[in-house]
Amino acid sequence: MPELVLQLTRAGFLALLWLFVLAALRVVRSDLYAASGLRAMVPGGRRPARAGRGRRPRQLLVTQGALAGTRITLDSRPILIGRADDSTLVLDDDYASTRHARISLQGDDWYVEDLGSTNGTYLDRAKVTGPTRVPLGVPIRIGKTVIELRS
């Protein structure tokens with residue numbers, strides 16, 4: 001009987017070890033795909049009509065986190081956010097991925113897009129699952145960092 005228990009314990013340990021290896025490979029693969037931009041989707045189609053189009057975002061402001069007070073002037077170029085050195089906004093945050101999110105201009109609106117991050121990107125309190133329009137002054141949370149579009 002002890003021989004059977006020993007063999008079952010070994011098999012269980014081996015199964016747990018393989019589950020860990022597969023989970024680690026999944027995280028590495030998602031970081032690699034996000035870094036290469038393969039998951040990037042461009043929002044298209046019609047946008048709903050809005051009132052009050054007079055105020056347009058002119059800057060990105062970090063309101064909370066280690067970089068609080070940092071301002072980035074908006075132009076037509078996309079803003080890449082993450083821990084990578086070539087990001088527009090480089091975050092030193094354990095909860096941010098290497099290529100975490102992108103904020104880009106599509107037509108007259110700015111969109112936030114999660115690039116397959118591990119911990120997710122949140123617009124106000126809703127998790128971003130695809131390209132999502134960012135209204136003026138609505139917080140975007142990436143790990144411990146909160147940013148907003150300001151006029």
Side-chain angles (χ1 to χ4, degrees), residues 12-151:
F13 180 72
L14 188 61
L16 284 174
L17 184 62
W18 274 107
L19 286 174
F20 174 76
V21 168
L22 292 175
L25 287 175
R26 182 174 167 245
V27 169
V28 169
R29 191 188 84 188
S30 70
D31 272 356
L32 288 176
Y33 281 131
S36 66
L38 291 177
R39 288 189 176 176
M41 298 184 312
V42 177
R46 297 173 46 202
R47 290 182 306 274
R50 305 175 292 172
R53 285 186 162 235
R55 293 179 46 180
R56 297 200 181 224
R58 303 216 184 278
Q59 60 186 348
L60 182 73
L61 174 67
V62 179
T63 58
Q64 292 178 15
L67 299 173
T70 302
R71 295 175 187 268
I72 297 174
T73 302
L74 299 175
D75 52 19
S76 61
R77 292 177 292 186
I79 297 171
L80 187 62
I81 304 168
R83 290 185 307 178
D85 291 334
D86 63 341
S87 297
T88 311
L89 181 61
V90 179
L91 301 178
D92 186 23
D93 188 342
D94 292 336
Y95 298 103
S97 296
T98 304
R99 305 251 189 244
H100 196 99
R102 175 176 34 230
I103 299 175
S104 58
L105 182 64
Q106 300 294 327
D108 291 334
D109 297 322
W110 286 90
Y111 285 81
V112 64
E113 172 182 6
D114 187 83
L115 298 176
S117 66
T118 305
N119 294 317
T121 303
Y122 293 85
L123 181 63
D124 203 7
R125 291 186 205 123
K127 188 170 186 175
V128 174
T129 57
T132 307
R133 190 178 70 78
V134 181
L136 198 62
V138 175
I140 302 168
R141 185 171 57 83
I142 297 173
K144 297 177 183 176
T145 305
V146 178
I147 57 179
E148 293 180 8
L149 295 179
R150 298 279 175 95
S151 59

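Because only heavy atoms are used, hydrogens play no part in the values below, and waters and symmetry mates are left out as well, while side chains stay in.
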Q: Start with the C-alpha gap between Ser97 and Leu115, add the side-chain angles, then the distance that decides, and say whether side chain to side chain contact (heavy atoms under 4.5 Å, CB included) holds.
A: CA-CA 9 Å; Ser97 296; Leu115 298 176; over 6 Å; no
(Q) Just to verify, what does Asp75 make a side-chain contact (heavy atoms from CB on, under 4.5 Å) with, not counting sequence neighbours? (A)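 side-chain contact (heavy atoms from CB on, under 4.5 Å) list for Asp75, sorted by chain: Arg77.
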(Q) Lys127: which residues meet the side-chain contact (heavy atoms from CB on, under 4.5 Å) condition with it, sequence neighbours left out? (A)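 Scan of Lys127 (side-chain contact (heavy atoms from CB on, under 4.5 Å), adjacent residues dropped) gives Tyr122.
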Q. Going through the checks in order, is the side chain to side chain contact (heavy atoms under 4.5 Å, CB included) test met by Ile103 and Ile147?
A. CA-CA 11 Å; Ile103 299 175; Ile147 57 179; 3.8 Å; yes
Q: For Thr121, check side-chain hydrogen bond (donor to acceptor under 3.5 Å, both in side chains) against everything at least two apart and list the hits.
A: His100, Asp114
**Q.** Those residues that, when tested against Asp85, pass side-chain hydrogen bond (donor to acceptor under 3.5 Å, both in side chains) (two or more places apart)
**A.**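 Listed in chain order: nothing, the list is empty.
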Q: Of all the heavy-atom pairs spanning Ser151 and Gln59, show the shortest one and how long it is.
A: O-NE2, 4.1 Å
**Q.** Nearest atoms (heavy-atom pairs only) where Leu149 meets Trp110
**A.** CD1-CB, 3.6 Å
Q. Looking at CG of Leu60 and CZ of Arg71, how far apart are the two atoms once the value is rounded to the nearest 0.5 Å?
A.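 Nearest 0.5 Å value for the CG-CZ distance: 10.5 Å.
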Q: Any chance you could measure Arg83, atom CZ, to Leu91, atom CG, to the nearest 0.5 Å?
A: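 CG of Leu91 is found 9.5 Å from CZ of Arg83.
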Under the 3.5 angstrom rule, does the side chain of [X] hit a backbone N or O of [Y] as a donor-acceptor pair?
X	Y	answer
Thr88	Leu80	yes
Asp109	Arg133	no
Asp124	Ala126	no

Q: Any pair with a residue in residues 136-147 that passes side chain to side chain donor-acceptor pair (under 3.5 Å), sequence neighbours left out, goes on the list, sorted by first then second residue, please.
A: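 Non-adjacent pairs meeting side chain to side chain donor-acceptor pair (under 3.5 Å): zero.
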Q.
So, using salt bridge (Lys or Arg N to Asp or Glu O under 4.0 Å) as the criterion, who are the partners of Asp86 when residues are at least two apart?
A.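 Result, salt bridge (Lys or Arg N to Asp or Glu O under 4.0 Å) vs Asp86: Arg99.
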Q: Under the salt bridge (Lys or Arg N to Asp or Glu O under 4.0 Å) rule, collect the residues that match up with Arg150, sequence neighbours excluded.
A: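 Here the qualifying residues are Glu148.
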Report all side-chain donor-acceptor pairs from residues 63-70 shorter than 3.5 Å, counting only partners two or more places apart or in another chain.
from  : atom 1 : to     : atom 2 : distance (Å)
Thr63 : OG1    : Val146 : O      : 3.2
Thr70 : OG1    : Leu67  : O      : 2.6

Q: Check the pair Arg58, Leu74 against side chain to side chain contact (heavy atoms under 4.5 Å, CB included), reporting the backbone distance first and the verdict last.
A: CA-CA 5 Å; Arg58 303 216 184 278; Leu74 299 175; 5.8 Å; no
Q) Do Ile142 and Asp93 have side chains that get closer than 4.5 Å, going by heavy atoms? A)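 They are not in contact (no side-chain heavy atoms under 4.5 Å apart), so the answer is no.
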